[in-house]
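Basis for what follows: all heavy atoms, side chains included, without hydrogens, waters or symmetry-related copies.
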Amino acid sequence: MTSLSHSKTMSLRKVHFVAKVSVNLLTEIKKWLSPSHFIQHSRQIPLSSTTDVRVFSMKFNQYAFCLMATFSSYEVLSAPSASLQVAKPNSTLFTDIDSTDDQVVAVGKFGTIVTSTDGQNWRQAEVPVQSLLTAVTIKSDKAAWACGHDATIVHSSDNGKTWQLQQYLPEQGKPCLDIEFIDENTGFAIGAYGMFYKTTNGGKTWQSQFISDFVHPDDKEYLEELKQDDPEAYQDEIKFILPHFNRLLIKDRAFYLVGEMGLVAKSEDKGLTWKKFDEFYPGSFFSVNETAEGQILVAGLRGNAFIKSQSDIDFTEIDIAQTATINTILPLEDSTLLFANSGLIHNFDGQKVSSEQLPSGQAILSATIFKNKVILATEKGLITWGDSK
(Lines give C-alpha, C1' and ligand atoms only; values in the text may rest on other atoms or scores of the structure.)
Protein backbone atom coordinates (compact mmCIF):
# COMPACT_ATOMS: atom_id res chain seq x y z
CA MET A 1 0.00 0.00 0.00
CA THR A 2 2.18 2.77 -1.27
CA SER A 3 0.28 5.82 -0.11
CA LEU A 4 -2.76 4.99 1.99
CA SER A 5 -5.60 7.41 1.31
CA HIS A 6 -6.81 8.58 4.70
CA SER A 7 -10.24 9.37 3.31
CA LYS A 8 -10.67 5.65 2.56
CA THR A 9 -8.48 3.89 5.09
CA MET A 10 -7.61 4.16 8.74
CA SER A 11 -4.19 5.52 9.69
CA LEU A 12 -1.36 3.14 10.43
CA ARG A 13 -1.51 4.27 14.06
CA LYS A 14 -5.02 2.83 14.44
CA VAL A 15 -4.13 -0.55 12.97
CA HIS A 16 -0.66 -0.84 14.41
CA PHE A 17 -1.94 -3.22 17.09
CA VAL A 18 -2.56 -5.86 14.42
CA ALA A 19 1.08 -5.78 13.38
CA LYS A 20 2.21 -5.84 16.99
CA VAL A 21 0.13 -8.94 17.68
CA SER A 22 1.66 -10.69 14.66
CA VAL A 23 5.19 -9.73 15.66
CA ASN A 24 4.65 -10.75 19.28
CA LEU A 25 3.27 -14.09 18.17
CA LEU A 26 6.25 -14.61 15.90
CA THR A 27 8.64 -13.87 18.73
CA GLU A 28 6.96 -16.37 21.00
CA ILE A 29 6.89 -18.97 18.26
CA LYS A 30 10.62 -18.76 17.78
CA LYS A 31 11.03 -19.38 21.50
CA TRP A 32 8.75 -22.29 22.23
CA LEU A 33 5.79 -22.95 19.93
CA SER A 34 5.49 -25.86 17.53
CA PRO A 35 3.76 -25.25 14.15
CA SER A 36 0.53 -26.93 15.29
CA HIS A 37 0.47 -24.91 18.49
CA PHE A 38 1.08 -21.74 16.47
CA ILE A 39 -1.96 -22.39 14.28
CA GLN A 40 -4.10 -22.83 17.38
CA HIS A 41 -2.89 -19.57 18.95
CA SER A 42 -3.08 -17.57 15.71
CA ARG A 43 -6.89 -17.84 15.82
CA GLN A 44 -6.92 -15.58 18.84
CA ILE A 45 -5.79 -12.42 17.00
CA PRO A 46 -8.18 -9.55 17.87
CA LEU A 47 -9.72 -7.58 14.99
CA SER A 48 -11.59 -4.29 15.16
CA SER A 49 -15.06 -4.36 13.58
CA THR A 50 -14.32 -0.96 12.05
CA THR A 51 -11.06 -2.02 10.40
CA ASP A 52 -11.14 -1.05 6.75
CA VAL A 53 -10.96 -4.01 4.36
CA ARG A 54 -7.94 -2.67 2.48
CA VAL A 55 -5.98 -2.02 5.66
CA PHE A 56 -6.93 -5.38 7.12
CA SER A 57 -5.81 -7.04 3.88
CA MET A 58 -2.40 -5.35 4.18
CA LYS A 59 -1.98 -6.45 7.78
CA PHE A 60 -3.28 -9.94 7.07
CA ASN A 61 -0.66 -10.28 4.35
CA GLN A 62 1.95 -9.18 6.88
CA TYR A 63 0.70 -11.80 9.30
CA ALA A 64 0.72 -14.47 6.59
CA PHE A 65 4.33 -13.65 5.68
CA CYS A 66 5.27 -13.97 9.35
CA LEU A 67 3.57 -17.36 9.38
CA MET A 68 5.44 -18.55 6.27
CA ALA A 69 8.74 -17.23 7.54
CA THR A 70 8.20 -19.07 10.83
CA PHE A 71 7.45 -22.40 9.18
CA SER A 72 10.45 -21.87 6.89
CA SER A 73 12.87 -21.11 9.71
CA TYR A 74 11.39 -23.97 11.76
CA GLU A 75 12.29 -26.53 9.06
CA VAL A 76 15.21 -25.06 7.10
CA LEU A 77 18.78 -25.63 8.17
CA SER A 78 21.07 -22.67 8.67
CA ALA A 79 22.90 -23.51 5.43
CA PRO A 80 20.88 -23.97 2.21
CA SER A 81 21.03 -27.13 0.11
CA ALA A 82 22.75 -26.98 -3.28
CA SER A 83 20.68 -27.24 -6.45
CA LEU A 84 20.26 -30.74 -7.85
CA GLN A 85 22.06 -31.73 -11.04
CA VAL A 86 19.57 -33.16 -13.54
CA ALA A 87 19.67 -34.83 -16.97
CA LYS A 88 17.70 -32.15 -18.87
CA PRO A 89 18.33 -28.89 -16.99
CA ASN A 90 16.96 -26.67 -19.79
CA SER A 91 13.43 -28.15 -19.65
CA THR A 92 12.27 -26.82 -16.27
CA LEU A 93 10.57 -23.54 -15.30
CA PHE A 94 12.79 -20.57 -16.20
CA THR A 95 11.93 -17.10 -14.94
CA ASP A 96 14.68 -14.90 -16.41
CA ILE A 97 17.41 -14.92 -19.03
CA ASP A 98 20.28 -12.57 -19.95
CA SER A 99 23.13 -12.64 -22.44
CA THR A 100 26.38 -11.12 -23.63
CA ASP A 101 27.94 -11.45 -27.09
CA ASP A 102 29.51 -14.77 -26.09
CA GLN A 103 27.13 -16.39 -23.60
CA VAL A 104 23.57 -16.69 -22.41
CA VAL A 105 22.49 -17.46 -18.82
CA ALA A 106 19.02 -18.52 -17.63
CA VAL A 107 17.72 -19.04 -14.08
CA GLY A 108 14.68 -20.73 -12.61
CA LYS A 109 13.15 -23.46 -10.48
CA PHE A 110 14.99 -25.09 -7.56
CA GLY A 111 18.06 -22.90 -8.01
CA THR A 112 18.62 -24.06 -11.58
CA ILE A 113 21.08 -21.99 -13.63
CA VAL A 114 22.11 -23.00 -17.15
CA THR A 115 24.59 -21.46 -19.58
CA SER A 116 25.21 -21.78 -23.30
CA THR A 117 27.68 -20.45 -25.84
CA ASP A 118 25.54 -21.31 -28.89
CA GLY A 119 21.94 -21.03 -27.63
CA GLN A 120 21.32 -24.73 -28.31
CA ASN A 121 23.49 -26.79 -25.98
CA TRP A 122 23.05 -26.04 -22.30
CA ARG A 123 25.26 -26.72 -19.30
CA GLN A 124 23.94 -26.71 -15.75
CA ALA A 125 25.93 -24.62 -13.28
CA GLU A 126 26.83 -25.42 -9.70
CA VAL A 127 24.53 -23.34 -7.48
CA PRO A 128 24.56 -23.35 -3.64
CA VAL A 129 20.76 -22.97 -3.18
CA GLN A 130 17.51 -24.64 -4.21
CA SER A 131 15.43 -21.47 -3.92
CA LEU A 132 13.43 -20.39 -6.95
CA LEU A 133 15.62 -17.88 -8.78
CA THR A 134 13.71 -15.00 -10.38
CA ALA A 135 16.26 -12.70 -12.04
CA VAL A 136 19.76 -12.68 -13.52
CA THR A 137 22.06 -9.96 -14.80
CA ILE A 138 25.48 -10.20 -16.50
CA LYS A 139 28.06 -7.40 -16.59
CA SER A 140 31.05 -9.42 -17.85
CA ASP A 141 32.44 -12.96 -17.92
CA LYS A 142 33.64 -12.38 -14.35
CA ALA A 143 30.61 -10.56 -12.99
CA ALA A 144 27.11 -12.07 -13.01
CA TRP A 145 24.43 -12.11 -10.34
CA ALA A 146 21.11 -13.85 -9.78
CA CYS A 147 18.48 -13.44 -7.07
CA GLY A 148 15.31 -15.17 -5.92
CA HIS A 149 13.18 -16.45 -3.09
CA ASP A 150 14.49 -16.38 0.50
CA ALA A 151 16.08 -13.01 -0.42
CA THR A 152 18.76 -15.09 -2.11
CA ILE A 153 21.59 -13.44 -4.06
CA VAL A 154 24.31 -15.48 -5.79
CA HIS A 155 27.34 -14.37 -7.80
CA SER A 156 29.54 -15.93 -10.48
CA SER A 157 33.06 -14.91 -11.50
CA ASP A 158 33.76 -17.76 -13.95
CA ASN A 159 31.35 -17.30 -16.86
CA GLY A 160 28.43 -18.72 -14.89
CA LYS A 161 29.95 -22.17 -14.31
CA THR A 162 29.83 -21.89 -10.51
CA TRP A 163 27.99 -19.53 -8.18
CA GLN A 164 28.74 -18.30 -4.68
CA LEU A 165 26.18 -17.28 -2.08
CA GLN A 166 26.16 -13.58 -1.18
CA GLN A 167 22.85 -13.37 0.68
CA TYR A 168 20.31 -15.90 1.99
CA LEU A 169 17.56 -14.74 4.38
CA PRO A 170 14.76 -17.36 4.50
CA GLU A 171 13.53 -16.01 7.84
CA GLN A 172 12.29 -12.86 6.08
CA GLY A 173 9.82 -14.78 3.93
CA LYS A 174 10.36 -12.34 1.04
CA PRO A 175 11.46 -13.04 -2.54
CA CYS A 176 13.90 -10.89 -4.43
CA LEU A 177 12.31 -10.19 -7.84
CA ASP A 178 14.96 -8.30 -9.81
CA ILE A 179 18.66 -7.51 -9.67
CA GLU A 180 20.53 -4.90 -11.71
CA PHE A 181 24.04 -3.44 -11.70
CA ILE A 182 25.43 -0.10 -12.87
CA ASP A 183 28.92 -1.59 -13.09
CA GLU A 184 30.78 -4.49 -11.51
CA ASN A 185 30.63 -2.86 -8.06
CA THR A 186 27.35 -0.98 -7.70
CA GLY A 187 24.12 -2.91 -7.87
CA PHE A 188 20.55 -3.13 -6.58
CA ALA A 189 18.24 -6.00 -5.64
CA ILE A 190 14.50 -5.38 -5.27
CA GLY A 191 11.48 -7.46 -4.32
CA ALA A 192 8.37 -8.06 -2.24
CA TYR A 193 7.05 -5.45 0.22
CA GLY A 194 9.48 -2.77 -0.81
CA MET A 195 12.64 -4.88 -0.65
CA PHE A 196 15.50 -2.67 -1.81
CA TYR A 197 19.14 -3.64 -1.30
CA LYS A 198 22.23 -1.85 -2.54
CA THR A 199 25.86 -2.90 -2.83
CA THR A 200 28.94 -0.87 -3.67
CA ASN A 201 31.46 -3.72 -3.50
CA GLY A 202 30.18 -6.22 -6.03
CA GLY A 203 27.78 -7.85 -3.60
CA LYS A 204 30.22 -8.73 -0.84
CA THR A 205 27.85 -6.80 1.42
CA TRP A 206 24.27 -5.62 0.81
CA GLN A 207 22.58 -2.75 2.66
CA SER A 208 18.82 -2.56 3.01
CA GLN A 209 17.19 0.76 2.07
CA PHE A 210 13.66 1.84 3.04
CA ILE A 211 12.11 4.09 0.36
CA SER A 212 10.03 6.52 2.38
CA ASP A 213 9.07 8.42 -0.80
CA PHE A 214 6.30 5.86 -1.34
CA VAL A 215 4.71 6.39 2.09
CA HIS A 216 1.74 8.72 2.62
CA PRO A 217 2.84 12.03 4.25
CA ASP A 218 0.67 11.44 7.33
CA ASP A 219 2.15 7.98 7.76
CA LYS A 220 5.65 9.39 7.40
CA GLU A 221 5.03 11.50 10.48
CA TYR A 222 3.73 8.48 12.35
CA LEU A 223 6.71 6.37 11.34
CA GLU A 224 9.14 9.06 12.45
CA GLU A 225 7.46 9.15 15.85
CA LEU A 226 7.55 5.38 16.06
CA LYS A 227 11.21 5.34 15.07
CA GLN A 228 12.02 7.62 18.00
CA ASP A 229 9.70 6.00 20.56
CA ASP A 230 9.95 2.32 19.66
CA PRO A 231 12.74 1.45 17.19
CA GLU A 232 11.88 -2.24 17.28
CA ALA A 233 8.24 -1.57 16.41
CA TYR A 234 9.39 0.79 13.66
CA GLN A 235 11.48 -1.96 12.06
CA ASP A 236 8.52 -4.32 12.25
CA GLU A 237 6.19 -1.74 10.69
CA ILE A 238 8.32 -0.90 7.65
CA LYS A 239 8.80 -4.55 6.72
CA PHE A 240 5.41 -4.77 5.04
CA ILE A 241 4.13 -1.22 4.46
CA LEU A 242 5.44 -0.77 0.90
CA PRO A 243 4.15 -2.45 -2.29
CA HIS A 244 6.03 -5.16 -4.16
CA PHE A 245 8.82 -3.86 -6.40
CA ASN A 246 8.77 -6.06 -9.52
CA ARG A 247 11.27 -4.64 -11.98
CA LEU A 248 14.09 -2.09 -12.07
CA LEU A 249 15.43 -0.39 -15.20
CA ILE A 250 18.80 1.36 -15.00
CA LYS A 251 19.64 3.89 -17.69
CA ASP A 252 22.44 6.45 -17.99
CA ARG A 253 20.74 9.27 -16.15
CA ALA A 254 17.67 7.65 -14.62
CA PHE A 255 16.30 4.63 -12.80
CA TYR A 256 12.73 3.40 -13.36
CA LEU A 257 10.92 1.19 -10.85
CA VAL A 258 7.60 -0.60 -11.39
CA GLY A 259 5.50 -2.72 -9.09
CA GLU A 260 2.07 -3.52 -7.76
CA MET A 261 -0.87 -1.12 -7.40
CA GLY A 262 0.15 0.83 -10.49
CA LEU A 263 3.55 1.82 -9.12
CA VAL A 264 5.77 3.57 -11.67
CA ALA A 265 8.56 5.76 -10.28
CA LYS A 266 11.72 7.49 -11.43
CA SER A 267 14.97 8.32 -9.68
CA GLU A 268 17.58 10.74 -11.00
CA ASP A 269 20.08 10.26 -8.16
CA LYS A 270 20.80 6.52 -8.47
CA GLY A 271 17.98 5.37 -6.24
CA LEU A 272 18.46 7.71 -3.28
CA THR A 273 15.13 9.51 -3.85
CA TRP A 274 12.14 8.63 -6.01
CA LYS A 275 9.25 10.45 -7.64
CA LYS A 276 6.07 8.52 -8.40
CA PHE A 277 4.17 9.09 -11.60
CA ASP A 278 0.50 9.87 -11.09
CA GLU A 279 -1.44 6.62 -11.20
CA PHE A 280 -2.65 5.79 -14.71
CA TYR A 281 -3.47 2.12 -14.08
CA PRO A 282 -4.25 0.52 -10.67
CA GLY A 283 -2.94 -2.97 -11.45
CA SER A 284 0.54 -4.44 -11.21
CA PHE A 285 3.35 -3.79 -13.66
CA PHE A 286 5.87 -6.58 -14.21
CA SER A 287 8.22 -5.09 -16.78
CA VAL A 288 9.78 -1.77 -17.81
CA ASN A 289 12.19 -1.10 -20.65
CA GLU A 290 13.38 1.56 -23.06
CA THR A 291 12.57 1.29 -26.76
CA ALA A 292 15.14 1.89 -29.50
CA GLU A 293 13.68 5.40 -29.86
CA GLY A 294 14.28 6.17 -26.18
CA GLN A 295 10.67 5.84 -25.05
CA ILE A 296 9.83 4.23 -21.70
CA LEU A 297 7.41 1.31 -21.95
CA VAL A 298 5.75 -0.40 -18.96
CA ALA A 299 3.50 -3.47 -19.04
CA GLY A 300 1.87 -5.98 -16.77
CA LEU A 301 -1.38 -7.39 -15.51
CA ARG A 302 -4.14 -8.34 -17.98
CA GLY A 303 -2.16 -7.25 -21.02
CA ASN A 304 -2.00 -3.59 -20.05
CA ALA A 305 0.89 -1.63 -21.57
CA PHE A 306 1.73 2.09 -21.63
CA ILE A 307 4.40 4.20 -23.31
CA LYS A 308 5.95 7.63 -22.71
CA SER A 309 8.56 9.61 -24.62
CA GLN A 310 11.19 11.59 -22.74
CA SER A 311 9.32 14.83 -23.52
CA ASP A 312 5.88 13.56 -22.50
CA ILE A 313 4.54 14.07 -19.00
CA ASP A 314 2.02 11.23 -19.06
CA PHE A 315 1.97 7.63 -20.25
CA THR A 316 -0.28 6.66 -23.17
CA GLU A 317 -2.04 3.30 -23.35
CA ILE A 318 -1.07 0.83 -26.07
CA ASP A 319 -4.06 -0.95 -27.59
CA ILE A 320 -3.61 -4.70 -27.05
CA ALA A 321 -6.65 -6.91 -27.64
CA GLN A 322 -5.53 -9.92 -25.58
CA THR A 323 -5.66 -9.79 -21.78
CA ALA A 324 -2.84 -12.22 -20.96
CA THR A 325 -0.43 -10.75 -18.42
CA ILE A 326 2.73 -9.32 -19.98
CA ASN A 327 5.90 -10.43 -18.21
CA THR A 328 8.77 -8.91 -20.16
CA ILE A 329 9.63 -6.29 -22.81
CA LEU A 330 12.40 -6.75 -25.38
CA PRO A 331 13.34 -3.79 -27.65
CA LEU A 332 14.54 -4.46 -31.20
CA GLU A 333 15.94 -2.02 -33.75
CA ASP A 334 12.63 -1.08 -35.34
CA SER A 335 10.00 -2.48 -32.97
CA THR A 336 9.44 -3.78 -29.45
CA LEU A 337 8.41 -7.29 -28.41
CA LEU A 338 6.16 -7.90 -25.42
CA PHE A 339 5.99 -11.47 -24.08
CA ALA A 340 3.02 -12.71 -22.11
CA ASN A 341 1.27 -15.67 -20.53
CA SER A 342 -0.45 -18.23 -22.79
CA GLY A 343 2.50 -18.02 -25.17
CA LEU A 344 1.46 -14.65 -26.59
CA ILE A 345 4.05 -12.50 -28.37
CA HIS A 346 3.12 -8.90 -29.23
CA ASN A 347 5.08 -6.82 -31.73
CA PHE A 348 4.68 -3.06 -31.22
CA ASP A 349 5.98 -0.91 -34.09
CA GLY A 350 5.33 2.41 -32.38
CA GLN A 351 1.82 2.71 -33.77
CA LYS A 352 0.01 -0.60 -33.63
CA VAL A 353 0.36 -4.11 -32.22
CA SER A 354 0.42 -7.41 -34.08
CA SER A 355 0.32 -10.67 -32.11
CA GLU A 356 1.09 -14.35 -32.48
CA GLN A 357 0.99 -17.30 -30.12
CA LEU A 358 3.33 -20.20 -29.40
CA PRO A 359 1.70 -23.52 -30.37
CA SER A 360 2.39 -24.83 -26.86
CA GLY A 361 0.67 -21.89 -25.18
CA GLN A 362 3.40 -21.84 -22.54
CA ALA A 363 3.77 -18.68 -20.46
CA ILE A 364 6.81 -16.65 -21.55
CA LEU A 365 8.51 -15.10 -18.52
CA SER A 366 11.60 -13.53 -20.09
CA ALA A 367 13.54 -13.24 -23.34
CA THR A 368 16.91 -12.18 -24.68
CA ILE A 369 18.63 -11.75 -28.07
CA PHE A 370 21.61 -14.04 -28.59
CA LYS A 371 23.42 -14.52 -31.91
CA ASN A 372 20.51 -12.94 -33.81
CA LYS A 373 18.01 -15.32 -32.24
CA VAL A 374 15.38 -14.61 -29.59
CA ILE A 375 15.63 -17.13 -26.76
CA LEU A 376 12.57 -17.43 -24.55
CA ALA A 377 12.45 -18.45 -20.90
CA THR A 378 9.13 -20.23 -20.43
CA GLU A 379 7.30 -22.22 -17.79
CA LYS A 380 8.39 -25.46 -19.49
CA GLY A 381 11.93 -24.62 -20.56
CA LEU A 382 14.03 -22.62 -23.02
CA ILE A 383 12.83 -22.04 -26.59
CA THR A 384 14.59 -20.44 -29.55
CA TRP A 385 12.15 -18.26 -31.47
CA GLY A 386 12.91 -16.75 -34.90
CA ASP A 387 15.44 -14.20 -36.04
CA SER A 388 15.80 -10.86 -34.29
CA LYS A 389 15.51 -7.78 -36.47
Side-chain angles (χ1 to χ4, degrees), residues 71-73 75-171 173-179 181 187 189 191 202-204 206 327-328 360 362-368 370-371 373-385:
F71 284 140
S72 176
S73 61
E75 297 175 352
V76 175
L77 299 175
S78 57
S81 300
S83 63
L84 300 178
Q85 298 292 307
V86 297
K88 296 181 178 180
N90 60 313
S91 60
T92 188
L93 163 70
F94 284 96
T95 57
D96 198 21
I97 188 169
D98 196 14
S99 61
T100 62
D101 291 340
D102 301 319
Q103 182 171 239
V104 59
V105 178
V107 303
K109 189 177 180 181
F110 296 139
T112 300
I113 298 181
V114 297
T115 65
S116 176
T117 57
D118 59 11
Q120 298 178 357
N121 300 292
W122 298 89
R123 173 178 177 176
Q124 186 175 2
E126 297 178 15
V127 184
V129 295
Q130 292 185 14
S131 304
L132 171 65
L133 299 177
T134 57
V136 61
T137 186
I138 311 171
K139 297 306 293 184
S140 71
D141 58 357
K142 294 184 178 181
W145 291 264
C147 76
H149 284 215
D150 301 317
T152 297
I153 299 175
V154 292
H155 170 257
S156 175
S157 58
D158 59 1
N159 256 346
K161 295 178 182 178
T162 63
W163 296 74
Q164 293 74 46
L165 194 63
Q166 290 190 334
Q167 179 172 278
Y168 179 70
L169 303 171
E171 68 279 2
K174 295 182 183 181
C176 175
L177 300 176
D178 196 15
I179 188 165
F181 272 72
K204 295 177 181 178
W206 291 86
N327 299 307
T328 194
S360 65
Q362 296 173 5
I364 306 170
L365 303 178
S366 186
T368 191
F370 183 65
K371 297 187 183 299
K373 297 285 186 178
V374 178
I375 303 180
L376 310 179
T378 79
E379 61 180 321
K380 295 293 181 63
L382 300 171
I383 299 174
T384 300
W385 177 81

**CA sep, side-chain torsions, deciding dist, call: Leu84, Phe110, side-chain contact (heavy atoms from CB on, under 4.5 Å)** = CA-CA 8 Å; Leu84 300 178; Phe110 296 139; over 6 Å; no
**Request:** With side-chain contact (heavy atoms from CB on, under 4.5 Å) as the test, would you mind laying out the steps for Thr152 and Leu165 before giving the verdict?
**Result:** CA-CA 8 Å; Thr152 297; Leu165 194 63; 4.1 Å; yes
**Message:** Checking Gln362 against Ile383 for the side-chain contact (heavy atoms from CB on, under 4.5 Å) test, could you report, in this order, the C-alpha distance in whole Å, the side-chain angles of both residues, the deciding distance, and whether it holds?
**Reply:** CA-CA 10 Å; Gln362 296 173 5; Ile383 299 174; 3.7 Å; yes
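Note that SG of Cys147 and CG of Leu132 are 10.0 Å apart. Values are rounded to the nearest 0.5 Å. In this structure, OG1 on Thr378 lies 10.0 Å from CD1 on Ile97, to the nearest 0.5 angstrom. To the nearest 0.5 Å, atoms CD1 (Ile364) and OG1 (Thr328) are separated by 10.0 Å. Atom-to-atom distance recorded for Leu365:CG and Leu376:CG is 10.0 Å, nearest 0.5 angstrom. In this structure, CG on Asp150 lies 10.0 Å from CG on Leu133, to the nearest 0.5 angstrom.
Using a 4.5 Å heavy-atom cutoff, the side chains of Val154 and Pro128 are in contact. The closest side-chain heavy-atom distance from Val114 to Leu382 is below 4.5 Å. Taking the side chain as every heavy atom from C-beta outward, Val129 and His149 never approach each other to under 4.5 Å. Looking only at side-chain heavy atoms (C-beta outward), Tyr168 and Ser131 come within less than 4.5 Å of each other.
Residue pairs satisfying the side-chain hydrogen bond (donor to acceptor under 3.5 Å, both in side chains) criterion with at least one member in residues 133-143, sequence neighbours excluded, are listed as follows: Ser140-Glu184. Applying the side-chain hydrogen bond (donor to acceptor under 3.5 Å, both in side chains) definition to pairs two or more places apart or across chains, those involving residues 119-130 are Asp118-Asn121.
In this structure, the side chain to side chain donor-acceptor pair (under 3.5 Å) partners of Gln103, at least two apart in sequence or on a different chain, are Asn159. For Thr117, there are no side chain to side chain contact (heavy atoms under 4.5 Å, CB included) partners two or more places apart in sequence or in a different chain. Evaluation of the ring-ring contact (aromatic ring centres under 6.0 Å, His included) rule for Trp145 yields His155, Phe181 as partners, not counting sequence neighbours. By the side chain to side chain contact (heavy atoms under 4.5 Å, CB included) test, Asp96 pairs with Val107, Ala135, Val136, Arg247, Ser366, sequence neighbours left out. In this structure, Thr115 has no side chain to side chain donor-acceptor pair (under 3.5 Å) partners at least two apart in sequence or on a different chain. With sequence neighbours excluded, the residues satisfying side chain to side chain contact (heavy atoms under 4.5 Å, CB included) with Ala151 are Gln167, Leu169, Gln172, Met195. Every side chain to side chain contact (heavy atoms under 4.5 Å, CB included) that Asp158 has, sequence neighbours left out, goes to Ser156, Lys161, Thr162. In this structure, Ser83 has no side chain to side chain donor-acceptor pair (under 3.5 Å) partners at least two apart in sequence or on a different chain. For the side chain to side chain donor-acceptor pair (under 3.5 Å) test, no residue two or more places apart in sequence or in another chain qualifies with Asp98.
For the pair Gly119 and Phe370, the tightest heavy-atom approach, listed with the atom from each and the gap, is N-CE2, 3.6 Å.
Between the side chain of Thr112 and the main chain of Lys109, a donor-acceptor pair closer than 3.5 Å is present.
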